[in-house]
Amino acid sequence: MVDVQQLLTRLYSDEGRQDPYPTYAGLHGLGPITALPPRPEHRAIAAVAVGYDLVDAVLRDPEWYKQPPPGWEDQEILRTFQTSMMFVNPPDHGRMRHVFAGAFTPRRLGALEPVILRVADELLDGMADAGAGGTDFVADFAYPLPARVMAEFIGIPEADLSWYRERVDRIDEFLDVAGKTPQRLAAANTAGAELRAFYAGLLAHRRRNPGDDLISGLVEAVDAGGVELTEDELISNLIVLFNASFVTTVYMFSNGLPLLLAHPEVAAALPGDPELTAGAVDEILRLEAPVHFLARAAPRDAVLGGVPIARDQNVLLVLAAANRDPARFADPDRFDPRRPGPPSLAFGIGPHYCLGAAVSRLEGRLALPRLLSRFPRLRVEEPPTYSGSLFLRGIDKLLVDTGGEERP
């Protein structure tokens, strides 16, 4: 029988990074949670959890906490993380989240719909102008759509997005579970410092020239003393919010298109069927979750699924494996947009549930039917290129043939 160490070795291999799902199935075969052997490379992680119910329960429990990495105060990027709502624990988490939660209201989401449709149509026009033939779906649609939408929502000038992406990529490379090298840390530190200076300048500009964007509203609230948030915390949260809100959506689109095209009856039916589209977006997120891992530390000595976890030890929660738990999803590797059952954990659950989840789903529900209606003969030309990351896993390059536009 394959043990957990062999499975993790396979997961970290090039083959495992390209397709981790057989490894996750192997972990399910060991049970919902498996203790790791006491080795130096496992000193920060006591166990790996893949069972849906167990992962769901830990994420919902506010006492299981996010443990800051040692020496975080000395690293620019880690200081940014540890002063943002995504990485801090209560009560600071609730204090910060309350400030930003007001931005993701139904009214604001409704106001985003015309923005999403406008940007999507502009990008589809560009794909049409290129004519039938090879185009990189990620570069021409999956990346610029959520980037431009979030930039407009937050208040980042579109002209700065190319510069911004380079810094985002350096941070994402460091976030990978195998990315904690000195070189990647240094690159992420530099990117964090540059983004912090960028936002400081943007905040100063909005103070002089306020607009209708999120940054203008937050600057006004901070300056008026209406929110419990320092300017440093505001900048940290803006950095993390933008990264989290659009990178996951990029991978929802790029991971999802091959799934849809592999099921042509679904792809053809999406335009004009909002219920099917919503189900397809949720199923894409279940099968191909952009974020594969989270970690939580035990608040006290505990027994989790029969595995002893000492106080302050971490459990690695494999969201992407929990989303394919055969105990909760029948035939878990099958794409079924009308699947019943529990919601996916693609955006987490509980106190740290992703604030941008509603925006991401809205972009998918609006843009995917438009894409498939405009290019009903769209097809993948070459095998996709995956990020190679075990934390943020997605397709970074996807060559497609549009097949020409639908003629009336």
Side-chain angles (χ1 to χ4, degrees), residues 1-12 16-17 19-39 41-69 86-87 89 175-178 180 248 285-330 332-333 341-354 389-393:
M1 182 176 177
V2 177
D3 64 23
V4 65
Q5 188 61 46
Q6 290 172 307
L7 288 169
L8 292 179
T9 299
R10 181 197 302 171
L11 185 63
Y12 292 147
R17 287 170 177 275
D19 183 10
Y21 297 109
T23 304
Y24 296 160
L27 288 170
H28 277 297
L30 300 179
I33 183 170
T34 305
L36 292 180
R39 297 184 178 183
E41 63 268 29
H42 301 152
R43 63 186 179 276
I45 302 291
V48 177
V50 296
Y52 180 97
D53 290 339
L54 192 148
V55 171
D56 178 85
V58 171
L59 289 176
R60 289 180 186 274
D61 188 339
E63 292 194 309
W64 283 78
Y65 69 98
K66 294 193 172 192
Q67 195 172 66
M86 186 174 292
F87 290 85
N89 299 296
L175 282 172
D176 184 24
V177 293
K180 306 301 188 284
T248 52
L285 290 165
R286 184 190 71 83
L287 272 177
E288 292 286 355
V291 178
H292 277 218
F293 300 101
L294 294 174
R296 293 291 186 272
R300 63 187 69 87
D301 290 351
V303 177
L304 201 58
V307 174
I309 309 294
R311 177 182 175 178
D312 299 329
Q313 282 192 315
N314 282 285
V315 175
L316 191 66
L317 308 172
V318 190
L319 303 182
N323 282 340
R324 296 189 183 214
D325 185 348
R328 297 295 268 141
F329 302 98
D333 297 327
S344 85
L345 299 175
F347 292 110
I349 202 74
H352 278 87
Y353 181 73
C354 177
S389 169
L390 286 174
F391 173 66
L392 280 168
R393 180 179 182 271

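All heavy atoms count here, side chains included; hydrogens, waters and symmetry mates do not.
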Could you tell me if the side chain of [Y] sits less than 4.5 Å from the side chain of [X], heavy atoms only?
X: V303; Y: I309; result: no
X: P37; Y: V4; result: yes
X: L36; Y: L316; result: no

Report task. Under the side chain to side chain contact (heavy atoms under 4.5 Å, CB included) rule, collect the residues that match up with R328, sequence neighbours excluded. Result ->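 For R328, the residues satisfying side chain to side chain contact (heavy atoms under 4.5 Å, CB included) (neighbours in sequence not counted) are Y52, D53, D325, P342.
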Query raised in the report: By side chain to side chain contact (heavy atoms under 4.5 Å, CB included), which residues pair with P326, not counting sequence neighbours?
Result: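 Per chain and number, P326 pairs via side chain to side chain contact (heavy atoms under 4.5 Å, CB included) with H28, P332.
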As an exercise, state the distance from [atom1] of [X] to [atom2] of [Y], rounded to the nearest 0.5 Å.
X: D333; Y: L287; atom1: CG; atom2: CG; result: 7.0 Å
X: L11; Y: D19; atom1: CG; atom2: CG; result: 10.5 Å
X: L345; Y: R286; atom1: CG; atom2: CZ; result: 11.0 Å
X: E288; Y: R393; atom1: CD; atom2: CZ; result: 5.5 Å
X: Y65; Y: H352; atom1: OH; atom2: NE2; result: 13.0 Å
X: L304; Y: Q313; atom1: CG; atom2: CD; result: 11.5 Å

Query raised in the report: Regarding R324 and the six-membered ring of Y24, is the cationic atom NZ or CZ under 6.0 Å from the ring centre and inside 45° of its axis?
Result: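 Negative - R324 is either too far from the ring of Y24 or too far off its axis.
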Query raised in the report: Only one of N314, L59, V315 forms a side chain to side chain contact (heavy atoms under 4.5 Å, CB included) with R296, so which one is it?
Result: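 Per the side chain to side chain contact (heavy atoms under 4.5 Å, CB included) rule, the option paired with R296 is L59, out of N314, L59, V315.
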Query raised in the report: Taking V48 as the fixed residue, which of L317, L27, V307 is the one that meets the side chain to side chain contact (heavy atoms under 4.5 Å, CB included) rule?
Result: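 The residue from L317, L27, V307 that satisfies side chain to side chain contact (heavy atoms under 4.5 Å, CB included) with V48 turns out to be L27.
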Shortest non-hydrogen contact from [X] toward [Y]:
X: H292; Y: P20; answer: CE1-CG, 3.8 Å
X: A298; Y: A310; answer: CB-O, 3.6 Å
X: D3; Y: L30; answer: C-CD1, 4.2 Å
X: L285; Y: P290; answer: CD2-CD, 4.1 Å
X: Q67; Y: D312; answer: NE2-O, 2.8 Å
X: L54; Y: A49; answer: CD2-CB, 3.6 Å

Requested in this report: Using the side chain to side chain contact (heavy atoms under 4.5 Å, CB included) rule, take L319 and F293 through it: C-alpha gap first, then chi angles, then the decisive distance, then the call.
Outcome: CA-CA 6 Å; L319 303 182; F293 300 101; over 6 Å; no
Requested in this report: Not counting sequence neighbours, list each pair that qualifies as a side-chain hydrogen bond (donor to acceptor under 3.5 Å, both in side chains) and has a residue in residues 300-309.
Outcome: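 Of all non-adjacent pairs touching residues 300-309, those that pass side-chain hydrogen bond (donor to acceptor under 3.5 Å, both in side chains) are E63-R300.
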